[in-house]
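Below: one structure, written as structure tokens.
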Amino acid sequence: KLRKWQARTRIITSVERNLAQAMNELDRLSDILNLPSYVKEEAARIYRNAVEKGIVRGRSIESIIAATIYLACREMKVPRSLDEITRHTRVNRKEIARCYRLLLRELRIKVATTDPVDYVPRIVHGLGLPGQAVKIAIEIINKAKEQGVTGGKDPAGLAAAAVYIAAEQLGEKRTQKEIAHVAGVTEVTVRNRYKELAKILGLEYE
Amino acid sequence: MSSIPFKTSYRVENIVATVILEHDLDLELIETRIPSITYKPDQFPGLIFRLDKPRATALVFKSGKMVVTGTKSTQQLVEAVKKIIKTFVKNGVNVHGRPRVQIQNIVAGGDIHAYVNLEKAAYHLEDSMYEPEQFPGLIHRMRDPRVVLLIFSSGKMVITGAKEEVEVERAVNNIARQLYKAGCIVGPRLGEEE
DNA sequence: GCTTTAAAAAGTAATCT
DNA sequence: AGATTACTTTCAAAAGC
């Protein structure tokens, strides 16, 4: 009986140790990513849930916590790309994406796809553009959705191109390189999305 | 009654099959007798043998089992297996008995010739995942037949996991009907229609 | 789980001219 | 700006770590 009690104690302490470690990692990443407290709390809730369902077995705490944060951001509509989160961890994006899919499947969670609109405010502010640009970019994105040309495209690239056009229309042009940098995509992607958006908007570009 | 207002098509692109011989093989011997073979035991236990005519690649193991990939039809597969064994024998590597060939996976391209609203499809299809930030296609695990489909907004798709060609055809028609019923079909594709 | 093979889809990316 | 090449996703089998 004493032996059994000791074994149980060992298990309890290891679970607690794992949880404490996970929460430390969550604190660290949340600070770096400047996440709102409600996102951090949601991530913590998801993690505890995952531990209960035994999903964490064999996987690194860092990968699961990163995936948990990404999922919480998606649920709360806080725009943080997987690459952005991966950048601050020592594990690769592929592994975090794998954990993310595992969480979706095992916890049977349905998350809406990221709306390009959610990326607009950050890009606009990151470029120091007037707030008016947000409204214009969102209108452009909604027209693109109506035209059905957004399927399969990276939301960040669509948002970047929409902001590029908005800045242009406000007489506050920024280079595609600048936009690409703050949006986290390449100039080539901004250019490709720009061409499509310009076409459906009936814009002429020389 | 529930005929869909657009045609569907598919094409087998790759067949993965296992071939079991009745006896072990000496990989070192095969490596020395046959040129243009890749064999790095530290990296992978099988040796890699590439065929030109029916374009195919075989992974050959010392147990006498092989994995043949790259062919697009059962005919090509059988032809490839015969040629591989013939090449072995011609180079002094004896092979006895009749090989047991089994298709393990079929990869095919499919097309419903109409644009698809992936956002909506992801909402209506169970066991589906659509993450445009990571991959442009919607990943759907179909239960009957048991295959996985990668569906793109263009209406083109990839079907994999099938062991028989008829499963591919059923999968494409199944998904076409499901997408149509759920109202996920945006419209006919460029110059195409019913 | 990893290693190796092949193949398609469409998007994004890195590199060179 | 293109053009090239390459990587993302899905699948299955082989023998061994």
As a test of understanding, state which of [options] forms a side chain to side chain contact (heavy atoms under 4.5 Å, CB included) with [X].
{"X": "Lys62(B)", "options": "Leu25(B), Asp26(B), Leu27(B)", "answer": "Leu27(B)"}
{"X": "Leu197(A)", "options": "Thr150(A), Ile140(A), Leu203(A)", "answer": "Ile140(A)"}
{"X": "Thr69(B)", "options": "Thr57(B), Leu59(B), Asn105(B)", "answer": "Thr57(B)"}

Donor-acceptor side-chain pairing of [X] and [Y] below 3.5 angstrom:
{"X": "Ser63(A)", "Y": "Ser60(A)", "result": "yes"}
{"X": "Thr113(A)", "Y": "Glu131(B)", "result": "no"}
{"X": "Tyr119(A)", "Y": "Asp154(A)", "result": "no"}
{"X": "Ser9(B)", "Y": "His113(B)", "result": "yes"}
{"X": "Thr89(A)", "Y": "Glu62(A)", "result": "no"}
{"X": "Thr114(A)", "Y": "Arg74(A)", "result": "yes"}
{"X": "Glu133(B)", "Y": "Tyr70(A)", "result": "yes"}

Indicate, with a heavy-atom threshold strictly under 4.0 Å, whether Arg59(A) touches base, sugar-phosphate, or nothing.
nothing

May I ask you to say what Gly152(A) touches in the nucleic acid, namely base, sugar-phosphate or nothing, with a heavy-atom cut-off under 4.0 Å?
sugar-phosphate

For atom [atom1], what is the distance between [N] and [M], given to the nearest Å?
{"N": "dT4(D)", "M": "dA6(C)", "atom1": "P", "answer": "22 Å"}
{"N": "dT9(D)", "M": "dG1(C)", "atom1": "P", "answer": "14 Å"}
{"N": "dA7(C)", "M": "dA3(D)", "atom1": "C1'", "answer": "23 Å"}

Euclidean distance, atom [atom1] of residue [X] to atom [atom2] of [N] [Å, nearest integer]:
{"X": "Glu131(B)", "N": "dT10(D)", "atom1": "CD", "atom2": "P", "answer": "12 Å"}
{"X": "Arg57(A)", "N": "dG1(C)", "atom1": "CZ", "atom2": "P", "answer": "13 Å"}
{"X": "Asn192(A)", "N": "dA1(D)", "atom1": "CG", "atom2": "P", "answer": "10 Å"}
{"X": "Phe44(B)", "N": "dT5(C)", "atom1": "CZ", "atom2": "P", "answer": "8 Å"}
{"X": "Gln43(B)", "N": "dC17(D)", "atom1": "CD", "atom2": "P", "answer": "16 Å"}
{"X": "Leu47(B)", "N": "dG16(D)", "atom1": "CG", "atom2": "C1'", "answer": "16 Å"}
{"X": "Glu167(B)", "N": "dC11(D)", "atom1": "CD", "atom2": "P", "answer": "15 Å"}
{"X": "Leu82(A)", "N": "dT12(C)", "atom1": "CG", "atom2": "P", "answer": "16 Å"}

Is the His96(B) ring parallel, tilted or perpendicular to the His23(B) ring (thresholds 30°, 60°)?
tilted

Over 60° means perpendicular and under 30° means parallel, so tell me whether Phe6(B) and Tyr180(B) are parallel, tilted or perpendicular.
perpendicular

Does anything in residues 140-165 of chain B reach DNA chain C, meaning a heavy atom under 4.0 Å, and if so which residues?
Leu150(B), Phe152(B), Ser154(B), Lys156(B), Val158(B)

Residues of residues 9-41 of chain B with a heavy atom under 4.0 Å from any atom of DNA chain C, listed by number, are Glu13(B), Asn14(B), Val16(B)

Quick one: is Arg193(A) getting a side-chain N or O under 4.0 Å of the dT12(C) phosphate, OP1 or OP2?
yes

Any side-chain N or O of Arg101(A) under 4.0 Å from OP1/OP2 of dT9(D)?
yes

If you check the Pro136(B) side chain, which of dT3(C), dA1(D), dG11(C) turns out closest?
dG11(C)

Out of dA1(D), dG1(C), dT10(D), which nucleotide sits closest to the side chain of Ile139(B)?
dT10(D)

So, [X] side chain and [Y] main chain: donor-acceptor pair closer than 3.5 Å or not?
{"X": "Asp24(B)", "Y": "Gly64(B)", "answer": "no"}
{"X": "Glu178(A)", "Y": "Thr175(A)", "answer": "yes"}
{"X": "Arg193(A)", "Y": "Ala160(A)", "answer": "no"}
{"X": "Arg174(A)", "Y": "Ala167(A)", "answer": "no"}
{"X": "Asn173(B)", "Y": "Glu169(B)", "answer": "yes"}
{"X": "Asn49(A)", "Y": "Arg45(A)", "answer": "no"}
{"X": "His181(A)", "Y": "Lys177(A)", "answer": "no"}

Between Pro45(B) and Ala108(B), which has a closest nucleotide on DNA chain C that is more 5'?
Pro45(B)

Using a cut-off of strictly less than 4.0 Å between a heavy atom of the residue and any atom of DNA chain D, enumerate the qualifying residues of residues 50-86 of chain B by number.
Leu59(B), Phe61(B), Lys62(B), Ser63(B), Lys65(B), Val67(B)

Residues in contact with DNA chain D, drawn from residues 94-106 of chain B - heavy-atom cutoff 4.0 Å
Gln104(B), Asn105(B)

Given DNA chain D, 5'-ward residue of the pair Arg98(A) and Arg191(A), judged by closest heavy atom:
Arg191(A)

Distances under 3.5 Å only, N/O to N/O: pair up the protein atoms with those of nucleotides 13-17 of chain C.
{"unit_1": "dA13(C)", "atom_1": "OP2", "unit_2": "Thr186(A)", "atom_2": "N", "d": "3.1"}
{"unit_1": "dA13(C)", "atom_1": "OP2", "unit_2": "Thr186(A)", "atom_2": "OG1", "d": "3.0"}
{"unit_1": "dA13(C)", "atom_1": "OP2", "unit_2": "Thr189(A)", "atom_2": "OG1", "d": "2.6"}

Mind listing the N/O atom pairs, protein and nucleotides 4-7 of chain D, below 3.5 Å?
none

Would you say Arg143(B) has more than 12 foreign heavy atoms packed within less than 6.0 Å of its CZ?
yes

